[in-house]
Number of protein chains: 2
Amino acid sequence: MIMEHVRHSFAHLLAAAVRRLYPKVQFGIGPVIENGFYYDFANVTLVEQDLSRIEKEMRSIASQRLPFAKKLWLKNRAKAYFKKQKQPFKLELIKDLKERKVGMVSTGDLFLDLCRGGHVKNTSELPLDAFKLTRVAGAYWKGDEKRPQLTRIYGVAFSTKDEMEAHLAMLEEAKRRDHRKLGKELKLFTLIDEVGPGLPLFYPKGAIVRRLIEGFVEEQQQKRGYLPIWIPHITKGQLYKISGHLDKYGAMFPAMRLKGEADYYLKPMNCPHFMMLYKAEPHSWRELPLRWTATTTNYRYEKSGELSGITRLRALTQDDCHVFCRSDQIEQEVNLMLDMTSEAYRVFGFKDFWVRISTRDPKRKNKYIGSQGAWKTSEAILTRLIEKRGWKHDIGVGEAAFYGPKLDFIFKDVLSREWQLSTIQLDMNLPQRFDLAYIDEQGKKKQPVLIHRAILGSVERFLGILIEHYAGAFPLWLAPEQVWILPISEKFNDFAQSISSQLKGIRTIVRTENESLGKKIREGELQKIPYLLVVGEKEQQNKTISVRRRGQREVKEMKLEMFLNMATEEVRLRSF
Amino acid sequence: MIMEHVRHSFAHLLAAAVRRLYPKVQFGIGPVIENGFYYDFANVTLVEQDLSRIEKEMRSIASQRLPFAKKLWLKNRAKAYFKKQKQPFKLELIKDLKERKVGMVSTGDLFLDLCRGGHVKNTSELPLDAFKLTRVAGAYWKGDEKRPQLTRIYGVAFSTKDEMEAHLAMLEEAKRRDHRKLGKELKLFTLIDEVGPGLPLFYPKGAIVRRLIEGFVEEQQQKRGYLPIWIPHITKGQLYKISGHLDKYGAMFPAMRLKGEADYYLKPMNCPHFMMLYKAEPHSWRELPLRWTATTTNYRYEKSGELSGITRLRALTQDDCHVFCRSDQIEQEVNLMLDMTSEAYRVFGFKDFWVRISTRDPKRKNKYIGSQGAWKTSEAILTRLIEKRGWKHDIGVGEAAFYGPKLDFIFKDVLSREWQLSTIQLDMNLPQRFDLAYIDEQGKKKQPVLIHRAILGSVERFLGILIEHYAGAFPLWLAPEQVWILPISEKFNDFAQSISSQLKGIRTIVRTENESLGKKIREGELQKIPYLLVVGEKEQQNKTISVRRRGQREVKEMKLEMFLNMATEEVRLRSF
C-alpha cells in the first residue's frame, strides 16, 4: 500500500464528510503532506471541537466500502458540474489547468472531486485506526493574503496505529521541547514589541549560555591557530558594490541615507569585510594559511511571518571563519575544519549527522567559474576527507554554488528532525572580485584560495536547537545556573551562603526565600538545575551537603570538597 | 608677566614680520591659544620652510624695543584705514562689531592692528628664546568651509626656554605615541575607504588586545555579581519614542525605512534596551540589586571631520552597566563601582586621575526632576564615597544632568593629557519614562533607582588611550604577541618550534624567516615584543634559552621552565 495514496484518499474522505455535515461548504484544495493531508474549506465555520464529529463521519463513510475511481472529463463538462455545485474555487482551478481534459475522482456515488488521482481502490483498504484529524488553521486561498481566507483541517495517517501514536507522541514531545516555550520558562530570552520581531533580547541566563557556546568555539579555534579579527556591523554601500551583493542579495536591510555622504548598510554577511582586511596589507606565501575568525552579528530582513523564536531571526550572530591559503593547503585546512566540527559535535552530544557534498553539475560546466582542474581537485579532496572519516554522506550533484564546491552538515536531533548546521565552502569568486593576492616563493603575485567556514552557523539558532535537543536540561558546563543551595529553614541561610562561597568556579544560587523546601525543589526541577544541594541540621553537623542530581530521585550526602571535585571535573570534561 | 599678553604680543609680531616679508599679505585673526598663538593670512603662499625666515624677522623687529599701545578709534576711521590698506577681512570684522569705537593696537610705528588689547608694554619684554613658530595649516575664514581658505601659522611661547623645550619634547613624544601611527605600525587596526570613516577594522593583534581588555572588565564584573545580558544593535523607532531620544538625540544614524513596517534605527545607546528587558518580567525587592551588563556597540553619526583614529568613532563598543536597586542600596552599589574602577585603574597603571562630582545648580532647582530629598541624599553619598577614598575631586556645581547627579573620572596620561574615562550616573528619569517597578516587602509597587556605569567608556577609545599611554609597549598580559622565538640559524628551527610548543598559555611566534638575527631582533624591538628568546647551539646543548626583555640590553640565559614560570606569573599578576 502506497502511503501517499492512503493519505490522498483520506483527504477525499475528509471533504466528503464535511459536505455531509455542512452541505453548503465550498472546497479549496486537499493535498498530501508529510505524514498526512489537509483540505481547505470555505463558507463554513469549523473549530477544533468539530474534528471528532467529522472523524466519526469519515469512519462511517469508509465503512460503506466505496470504490475510488478516476475519469477524464472535458474541461467544459467539469466546469458545468462545479458551477452547478457552486464551487468557485474548483472553477478557478479548472481555469488554471492547461490540459483539454481534467481528472475527476469519485468516492462511490457520494463525492466527486477534481483531482489528478493517486488513491487506494476502495475505502475498505484504509487503516481507520491509523488516522487522526489534528488541527484547524486559517489559510489564504493560493497562499495569497489578498485572497479569501479558508479553513484548513489537517490530518495525519500512517499504515499502523503504532506508527501514528509514535508520531503523535513525537509531536507532543516537540511541543514540550519548543525553545520558544522553554526560552520563556527558563528566562533565557524574550522578544519585545517595541524593539521588533526577530530581534531577541537575552536575559542573563540566556546571555551566559550564549557566551559559553561562543567561548567554547573560540577556544577550539584558538587551539587550531585561528586568529580573531573585529569588523564593524555597518559599511558604505560601496563595499557591497565590489562584492556584488548590493545588486543580488535580497535580504539586505534598506540603506541609511546621509546628506552629502554615501549610503550606509547593515552587514548581511561578513565576507566582504574579511576580504578588505586581507587586502589592506601585502601578504607573502610564508604567512599562509591565514585563519581569520569573528563572532559577529549579521542583519537580514526576513519577512515577519517567516521569523520563529531564535531559530529564524533578523539579527543573527555567526561564528564565521575565512581561511586564505595556497591551493596546496586546501586539504590540510579542510581537514582541520573537520577536526573541529567533529570535536564540537562530540561535546554537544550530536551523534547523528550526515554530510552533503555539493559538486558541479557535469552537464552545465560553463555555469561555474574557476578552472576545470581546480574543481576536480577540490571536489576530490572534499569527498576523500569525508570518506576517510567514515561519515555518512550524500553527493549533491549540481548543488555547488557557481564559485566552488562545499560541505554541509545535517544534524538529526533526538526527535529525528534534521537541522543544517556547519558549512565549509570553497570560493574562487571573491578572491577574484576583490583582487586578492600573495607573493609566492618566486616573488610572483598569486591569487589565494578562500575557504568559508561556520561550525554553529548562527549562535542564536544553534542555541534554539540545543534547547530543543536537551529539552532545556543543559549539561552542567552549559547550565547558566549550575547549583541551587536550599537551606531547609532560615536558620541555615548562613551555612548555605558559606557553602556557596566555597564552590569556587561553579555558578551557584542560594535560595533563601521563605518558602517550603518542597516548593523550592519543585522549582529547581522545573528550572532544570543540574544539582540541588539541601543543607540543614544534619549537614551542618556532619559538614556535608545532600546532593540531588537533576532527573534522579536519590539524594546523596557527601563532603563539600568531594562534590566540588566531581562538579569541576564534570565541567572540565564537558560531560554530556 | 601675564603669559596671555606675551602670546598675544607674539601674534602681532608675527603679523608685522609677515607683512615686512610679504607686503601684499591680507590679515585674518590672530588669537592666543593654549601654549601659544596663531595668525591667519591671505593673498600669500607660505610653507613650513618659510617659518625660520619669519621667526628671524620677528626677532629683528622685537630687538627694536617697540612699544605696544592701544587707542580707541571711531568705526568709520578704522574702516577708512583698513580700506586703504586693502584688508577685506579686517573690514568684515569691524562690520560685525557692535561698539561705536574699536580698539587699534600699534607696535611702534611699524604695525597697526584691530585688537581688543592685552599686550606687554614693549617688545623688549618678550622672551625671544622661549617662542617658536611650529607649523603651517589651512583654515577657513570664520571656520566656514564655504568661505575662503587662509593660511594659518601656529606658534608656541613660554616664559622660559626650558619650559618651551619641555613642551616641544612633549609634542614630539605625543607624535611618537600617536595611536593612529602605532596602530598601523603594530598592525592593530585600520580604516578602509570602502567601509567608511569612523568604522575601524581590527587585525588579529588589535582584536586580541580588545578581547583581553573586554575580558578583564567582564571578569571583574562577574566577580562582583554583575550578570551579562545581550541586546540587538537595532530597534524599532518606537523604543526611542518612549525614551525620548528620537526627538532629542542629535547623533542618531538615519532610519532604515521598510515598506509596510516600522522604521528601524541603529542604537546610539543601550539604556532603552536595558529598561525594556527589566520591564519584561515582574520584579520583587528580593531580587534587587539587579546588576546587568553588556559589552555592546553603539552607533553615532559624528561628522567625518570630528573623527580621529579609534578615539572618536561612529561605532563604539561600551562596557555598559545598569544597576536597578532600591534607594537604600545606592551607597553600596556606587561603592562597588568605585572598587572596580580603582582595581581597573591599578591594573592599567593609571595612577594620576581625579573625579568630577556633578551636582545640581542650587539656583535653578526647578530644572531637575526627582525630589529634593533624593537629590540631597544622593549628592551627599557620592561626595562622601569619593572623599572616603581620598581621591582628588572637584564639585561641578550645576553640571549634573536634569535626571540625577554623577561622577566622572578624568585620567591624566604620561604626557599629562586629560582623558575623561569612567562615569557613574544616577537616573531618576528613565525608570519613570519606562514605568519600571518592583514589589516591596509590603507588597506595594515601587520605582527602582537606576545607576548607569561604564569603566572604560568605549573599548576602542580606551584602547587608543592605552596605546598612547604605553607608547605601544603593552604590558605582558595585554601584548598580542608576548614572545618571539628567534633561532640563530635554520639549523635550530626545530628546537625553536619545540620551545614554542612548551610555552603553554603564552602567545608565541617563531620567526624562522631566512633573515639575520640582528634584523629579527630590531624588528622585535620595533614591534615592542615583551620577550625575545634567542636559541642556538649553546642553548640547545644547555637546554636553555637566552632571554632579552623589552627595553633591556642585557640578555639572560635561563632554563625554559624558569622563564615559563616567570612569564606566567607576570601575566597572572597583570604586572605593569
Side-chain angles (χ1 to χ4, degrees), chain A residues 187 189-190 192-208 210-211 218 227-236 238-239 241-242 253-259 261-262 264-266 272-273 276-277 279-281 286 290 292 294 297 299 301 304 313-315 317 512-513, chain B residues 187 189-190 192-208 210-211 218 227-236 238-239 241-242 253-259 261-262 264-266 272-273 276-277 279-281 286 290 292 294 297 299 301 304 313-315 317 512-513:
Chain A
K187 276 204 211 168
F189 61 85
T190 186
I192 293 176
D193 274 352
E194 290 84 347
V195 175
L199 299 170
L201 292 87
F202 287 76
Y203 292 112
K205 287 172 67 179
I208 288 170
R210 281 185 70 123
R211 276 201 190 187
E218 284 161 8
L227 293 171
I229 65 164
W230 192 97
I231 55 177
H233 293 206
I234 58 174
T235 174
K236 279 191 197 166
Q238 205 183 335
L239 184 63
K241 276 238 170 84
I242 302 174
F253 266 84
M256 290 171 274
R257 302 197 185 278
L258 291 160
K259 276 176 207 152
E261 252 204 85
Y264 282 78
Y265 289 88
L266 283 173
H273 281 88
M276 290 311 290
L277 196 60
K279 203 180 153 79
E281 291 280 332
R286 279 188 171 278
L290 272 184
W292 282 359
T297 308
Y299 304 86
Y301 182 60
S304 58
L313 293 173
R314 285 181 173 174
T317 306
T512 55
E513 292 86 344
Chain B
K187 275 203 211 171
F189 61 85
T190 186
I192 293 177
D193 274 352
E194 290 84 345
V195 174
L199 300 170
L201 291 85
F202 287 76
Y203 291 112
K205 286 173 69 182
I208 287 170
R210 282 187 69 125
R211 275 200 191 190
E218 284 161 8
L227 293 171
I229 64 165
W230 192 95
I231 56 178
H233 293 207
I234 58 172
T235 174
K236 280 190 198 167
Q238 205 183 333
L239 184 63
K241 276 238 169 84
I242 303 174
F253 266 85
M256 290 170 273
R257 302 196 186 280
L258 291 160
K259 276 178 206 150
E261 251 205 85
Y264 282 79
Y265 289 88
L266 284 173
H273 280 88
M276 290 311 289
L277 195 59
K279 204 179 151 80
E281 290 280 331
R286 280 188 169 281
L290 273 182
W292 283 359
T297 308
Y299 304 86
Y301 182 60
S304 59
L313 293 173
R314 286 182 173 172
T317 306
T512 55
E513 293 84 343

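Model, not experiment: these values are computed from the prediction.
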Interface residue of largest heavy-atom contact number with chain B, from A/Arg211, A/Lys205, A/His273, under 4.5 Å: A/Arg211
From CZ (A/Arg210) to CH2 (B/Trp230), nearest 0.5 Å: 4.5 Å
Minimum side-chain heavy-atom gap B/Leu199-A/Ile234 below 4.5 Å: yes
Part of A/Ala280 within contact of chain B (heavy atom distance under 4.5 Å): both
Max heavy-atom pair count under 4.5 Å with chain B, selected residue of A/Glu281, A/Met276, A/Gln238: A/Glu281
Portion of A/Arg286 that has a non-hydrogen atom of chain B nearer than 4.5 angstrom: side chain
Stepwise salt bridge (charged side-chain N to carboxylate O under 4.0 Å, His left out) check, B/Glu261 with A/Arg314: CA-CA 14 Å; B/Glu261 251 205 85; A/Arg314 285 181 173 174; 2.8 Å; yes
Closest contact, heavy atoms only, A/Ala207 versus B/Pro228: CB-O, 3.3 Å
Smallest separation among heavy atoms of A/Glu194 and B/Thr235, with atom names: O-OG1, 3.5 Å
Contacting region of B/Tyr264 [heavy-atom separation from chain A under 4.5 Å]: side chain
Selection from A/Leu277, A/Asp193, A/Leu239 maximising heavy-atom pairs under 4.5 Å formed with chain B: A/Leu277
Segment of B/Lys187 engaging chain A (4.5 angstrom heavy-atom cut-off): side chain
Side chains of A/Leu227 and B/Tyr203 in contact at under 4.5 Å (non-hydrogen atoms): no
Heavy-atom pair of closest approach, residues A/Ile229 and B/Phe202: CB-O, 3.3 Å
Region of A/Tyr299 in contact with chain B, defined by heavy-atom distances below 4.5 Å: side chain
Residue part contacting chain A, namely of B/Tyr301, when any heavy atom lies under 4.5 Å: side chain
Contact origin within B/Ile242 toward chain A - heavy atom pairs under 4.5 Å: side chain
A/His233 and B/His233 aromatic ring geometry - parallel, tilted or perpendicular at 30°/60° bounds: parallel
Nearest-0.5 Å distance, NZ of residue A/Lys279 to OG1 of residue B/Thr190: 13.0 Å
Closest non-hydrogen atom pair, B/Pro254 against A/Arg257: CG-O, 3.2 Å
Best-contacting candidate, A/Ile192, A/Leu313, A/Thr297, A/Leu290, against chain B by heavy atom pairs under 4.5 angstrom: A/Ile192
Region of A/Leu266 in contact with chain B, defined by heavy-atom distances below 4.5 Å: side chain
Options A/Pro200, A/Gly196, A/Pro232, A/Ala315, ranked by heavy-atom pairs under 4.5 Å with chain B, top entry: A/Pro232
